[in-house]
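Counting convention: from 1, in listed order, for ligands and their atoms alike. Both backbone and side-chain heavy atoms feed into the values below; hydrogens, waters and symmetry mates do not.
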Amino acid sequence: MRRILIFGATSAQAEATARLFAMDGSRFFLVARDPGKLAVVADDLRLRGAVKVAVAAADALEFERHPVLVDEAFDVLNGLDVVLIAHGTLPDQKSCEQSFAATRREFDINALGVMSLLIHVANRFERQGFGTIGVISSVAGDRGRQSNYVYGAAKGAVSIFMQGLRNRLHSSGVNVLTVKPGFVDTPMTAAFPKGTLWARPQQVARGIYAAIEKKKDVVYLPWFWSPIMWVIRGLPEAIFKRLRL
Ligand SMILES: NC(=O)c1ccc[n+]([C@@H]2O[C@H](COP(=O)([O-])OP(=O)(O)OC[C@H]3O[C@@H](n4cnc5c(N)ncnc54)[C@H](OP(=O)(O)O)[C@@H]3O)[C@@H](O)[C@H]2O)c1
């Protein structure tokens, strides 16, 4: 049984993960921007065994509310064991190439909106001396590619931020988990043709659940993205810059 705060709780990957924790009789504080979707997710988790489900509607861009939401979750659940940050958008790369405003908005949601939450969560977890902080980053953050380097740069920033946080919080007994999924069939990627490398959110959720249980640092999900990204990271820039990726 865990006390779990989830940002982006209506995301397909987050919901599938929450279902696994609900079966253990966990308690939840769910945050997402759409109250209707949030209510559906909350009802579903109650049916699946969640002992308590509280909700709050908020946009990731409402930075000033982040500390308030984190404090509220601590109060409502009488403490927290796990925080999972899952919200995200997949930018239109071509639009971002023409517009700093579009690029900044994507960074605000995917990078700064995560870091802002992490600052408040990390300080509370550091004081309490236990807990797991998980963020869904992406394999896209491992290397910049022409097809999605705005998204990749935001995710890469989050992954590096998490790396530093892990280093800082290790001695405090707090586990910091970076989740790096590959291609996942969710509403975010609905328009993409699907192939053999694609995973279902339930598959990724099992990996996230296991990684939280085992206090892992970084997980590639499904596992085969670990060797794939090892190769991609290792390609010399002189070759990589010529590839159409
Ligand atoms: N799908 C993939 O292939 C893939 C691969 C690697 C990493 N990821 C990452 O996995 C995470 C979960 O995404 P998913 O695949 O599960 O897709 P998803 O089901 O489309 O979930 C995306 C979530 O982000 C929320 N969101 C978007 N903008 C927001 C904002 N401004 N404020 C608050 N919430 C906002 C959406 O809320 P609404 O429902 O209200 O729009 C939705 O719940 C994301 O961080 C994504 O970048 C996805």
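Shortest contact from atom 44 (C) of ligand 1 to any protein heavy atom: Ala86 O, 3.1 Å. Counting only heavy atoms of the protein, atom 8 (N) of ligand 1 lies nearest to Tyr151 OH, 3.4 Å. In terms of protein heavy atoms, atom 43 (O) of ligand 1 is closest to Thr10 OG1, 2.8 Å. At the shortest separation from atom 48 (C) of ligand 1 among protein heavy atoms lies Gln13 NE2, 3.3 Å. Given atom 17 (O) of ligand 1, the protein heavy atom at minimum distance is Thr186 OG1, 3.2 Å. The nearest heavy-atom contact from the protein to atom 19 (O) of ligand 1 is Ala12 N, 2.8 Å. Remark: minimum distance from atom 7 (C) of ligand 1 to any protein heavy atom is reached at Ser137 O, 3.2 Å. Of the protein's non-hydrogen atoms, the one nearest atom 30 (C) of ligand 1 is Asp59 OD1, 3.5 Å.
Under a 4.0 angstrom heavy-atom cut-off, Lys180 registers as lying outside contact with ligand 1. Residue contact check for ligand 1: Gly182 places a non-hydrogen atom closer than 4.0 Å to it.
The side-chain tip of Arg124 points at the ring of Phe74 from less than 6.0 angstrom away and within 45° of straight on.
A salt bridge is defined here as a Lys NZ or Arg NE, NH1 or NH2 lying under 4.0 Å from an Asp or Glu carboxylate O, and Arg143 with Glu237 meets this definition. Salt-bridge check for Arg33 with Glu62: failed, with every basic side-chain N at 4.0 Å or more from each acidic carboxylate O. Comment: Asp44 engages Arg19 in a salt bridge, judged by a side-chain N to carboxylate O separation of less than 4.0 angstrom.
Between Arg200 and Val184, every side-chain heavy-atom pair lies at or beyond the 4.5 Å cut-off.
Where the criterion is an N or O separation shorter than 3.5 Å, residue side chain and backbone included, Ala60 meets it with respect to ligand 1.
Side chains of Thr17 and Arg206: no donor on one and acceptor on the other come within 3.5 Å.
Between Phe183 and Trp225, the ring-plane angle classifies as perpendicular under the 30° and 60° cut-offs.
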